[in-house]
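To start, the structure itself, in structure tokens.
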Amino acid sequence: MTEAVLLVGGQGTRLRPLTINTPKPMLPVAGVPFTVHQIARAKQAGVTRIVLATSYRAEVFREFLDANDLGIEIVVVTETEPLGTGGAINHVMSELASGPNDPVLVFNGDVLTGVDIAGLVHHHQQVDADVTLYLTPVEDPRAYGLVPIDESGRVTAFLEKPQTPEEIITDTINAGCYVFRRSVIDDIPAGRVVSVERETFPGLLTSGALVTGVVDRGYWLDLGTPLAFARGSADLVLGHAPSPAVPNPGPFLALPSAQIAPDAVLTGGSAIGRAAVIESGAQVDASVVFDGAVIESGAQVRNSIVGVGARIGAGTVLDGAVVGDRARIGAGNELLPGVRVWPEAELAECSVRFSSDR
Ligand code: GDD
Ligand code: MG
């Protein structure tokens with residue numbers, strides 16, 4: 001038996017304007033809540049029991065799990081106040097069935113990856129590590145935990161979100177999936193906020209514990225920003241990011257009851273939600289169109305997110321845009337990368353352009 005802890009708590013607001021009411025891991029991605037992709041991959045790798053460490057709107061997880069059988073035992077544990085990543089891991093301690101030396105997997109709840117989960121556990125046991133970290137190289141490591149390793153794979157330091165250029169000593173980062181020796185989880189201080197990245201890992205290194213890193217160069221994405229969320233969704237739909245919850249990858253995914261005009265063009269792994277309407281001549285590329293949204297005729301939507309019930313007017317161009325739930329963008333607008341339209345906002349016809357054409 002292998003157990004896994006899924007960290008799905010924290011603040012839940014970083015995907016604004018998308019997550020006003022929905023915990024980030026419960027946002028639908030390629031047809032199911034993001035968390036379901038992680039659970040399905042863990043199950044496929046041989047995990048038999050999952051503990052969800054929640055803090056923000058735990059009832060949304062419970063209701064979903066009550067209504068949907070994912071074919072694996074799932075326990076939901078809730079912190080009354082967010083305890084940080086380390087505090088959350090320790091807080092689920094009493095729900096773990098593993099013995100003191102058994103491996104326990106821990107996943108950040110917002111990471112999409114093709115990592116070989118069973119291989120990670122195997123490596124952890126083979127070297128008899130206290131903690132094994134999944135690492136991945138990235139172009140710009142500043143937003144992550146930097147993890148240098150020596151030639152034997154032993155972790156030599158852990159620098160969370162480096163502040164100065166001197167601290168950027170590697171491009172290999174903590175990819176948000178760990179294997180813990182269970183007793184290490186028990187040793188994390190209880191009942192207070194603990195950061196596994198800033199406190200637990202550096203502390204283990206100081207005390208001489210064996211922390212190893214496994215570098216994997218396969219698919220990896222942190223869905224922490226709205227546009228990364230759109231990218232991850234497209235990659236799941238296309239099959240670039242592997243998930244057993246996407247049985248038939250393809251150029252787009254339209255959920256039941258979506259209405260798509262015969263001459264609309266859907267590409268790049270776009271996901272179209274329930275009862276969404278894509279009108280004649282509209283083009284949707286690498287985007288997420290949530291339930292009930294309407295893309296009017298001739299509109300072009302690229303690398304963007306259109307919230308629940310939002311309306312994009314005829315001929316409007318969205319590129320790298322995030323449009324909140326029920327917002328209304330009139331016809332003939334042009335919204336380019338970085339723009340965020342808050343829920344319910346209204347933009348009149350032909351009122352914003354980034355170019356003077358037309
Ligand atoms: N239950 C619970 N309680 N979960 C939490 C809490 C908490 O208080 N705080 C954070 N989490 C969960 C988040 O929901 C997320 O799934 C995960 O822990 C990591 O937190 P983030 O807030 O997303 O951290 P980050 O993306 O800035 O950095 C982390 O991930 C990077 C890789 O994506 C760190 O682990 C970095 O070291 C790492 O490189
Ligand atoms: Mg994150």
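Every number for a ligand or one of its atoms is a count from 1 in the order of the listing. This is a predicted model, so every value here is computed, not measured.
- Although no hydrogens or angles enter the test, the distance criterion places no donor-acceptor pair under 3.5 Å between the side chain of Thr22 and the main chain of Leu27.
- When the heavy atoms of Lys161, Lys24, Glu197 are ranked by distance to atom 28 (O) of ligand 1, first place goes to Lys161.
- Under the 4.5 Å side-chain criterion, counting only non-hydrogen atoms from C-beta, Leu204 is not in contact with Phe158.
- Although no hydrogens or angles enter the test, the distance criterion places no donor-acceptor pair under 3.5 Å between the side chain of Glu95 and the main chain of Val76.
- Only the backbone of Leu83 comes within 4.0 Å of ligand 1, judged by heavy-atom distances.
- Of all the atoms in ligand 1, the ones that sit under 4.0 Å from a non-hydrogen atom of Ala88 are 1 (N), 2 (C), 3 (N).
- Put simply, the side chain of Thr54 never gets that close to the backbone of Gly9: no donor and acceptor are under 3.5 Å apart.
- Taking every heavy atom of Tyr178 and a limit of under 4.0 angstrom, the matching atoms of ligand 1 come to 35 (O).
- The contact set between ligand 1 and Asp222, taken as ligand atoms under 4.0 Å from a residue heavy atom, comprises 26 (O), 32 (C), 33 (O).
- Put simply, the residue from Val284, Asp285, Leu266 that forms a side-chain contact (heavy atoms from CB on, under 4.5 Å) with Phe252 is Leu266.
- Counting heavy atoms under 4.0 Å from ligand 1, residue Pro82 touches it through both backbone and side chain.
- Numbered from 1 in the order shown, with element, the atoms of ligand 1 that lie under 4.0 Å from a heavy atom of Glu160 read 28 (O), 34 (C), 36 (C), 37 (O).
- Rounding to the nearest 0.5 Å gives a distance of 11.5 Å between CG of Leu336 and CG of Asn303.
- Going from atom CD1 of Ile185 over to atom CG of Leu96 covers 5.5 Å, rounded to the nearest 0.5 Å.
- With hydrogens and angles ignored, the 3.5 Å screen pairs a side-chain donor or acceptor of Glu334 with a backbone N or O of Phe354.
- Between Val111 and ligand 1, not a single N/O pair is under 3.5 Å apart.
- The closest non-hydrogen atom to atom 13 (C) of ligand 1, taken over Gly87, Gly109, Gly9, comes from Gly9.
- For the side-chain hydrogen bond (donor to acceptor under 3.5 Å, both in side chains) with Thr132, the lone residue among Gln126, Gln125, Arg181, His124 that qualifies is His124.
- Between the side chain of Arg41 and the main chain of Val115, a donor-acceptor pair closer than 3.5 Å is present.
- For Leu7, heavy-atom contacts with ligand 1 shorter than 4.0 Å involve the backbone as well as the side chain.
- Protein atoms that are N, O or S and lie under 2.8 Å from the Mg ion (ligand 2) are these: Asp110 OD2, Asp222 OD2.
- In this structure, Trp220 counts as a contact residue of ligand 1, since one of its heavy atoms falls inside 4.0 Å of the ligand.
- By the 4.0 Å heavy-atom criterion, His91 is excluded from the residues contacting ligand 1.
- Cluster membership for Val179 and Ile50, using ILVMFWY side-chain heavy atoms within less than 4.5 angstrom, is shared.
- Proximity of a side-chain donor or acceptor of Glu296 to a complementary backbone N or O of Glu279 within less than 3.5 Å is not detected.
- Residue contact check: Thr85 has heavy atoms under 4.0 Å from atoms 10 (C), 18 (O) of ligand 1.
- With a 4.5 Å cut-off on side-chain heavy atoms, Asn174 and Glu197 count as touching.
- Polar contact with ligand 1: absent for Ala175 (N/O pair, distance under 3.5 Å).
- Heavy atoms of Gly224 come nearer than 4.0 angstrom to ligand 1 in no pair at all.
- Distances between N or O atoms of Ala143 and those of ligand 1 include no value under 3.5 Å.
- Under a 3.5 Å cut-off, the side chain of Asn333 and the backbone N or O of Ala348 do form a donor-acceptor pair.
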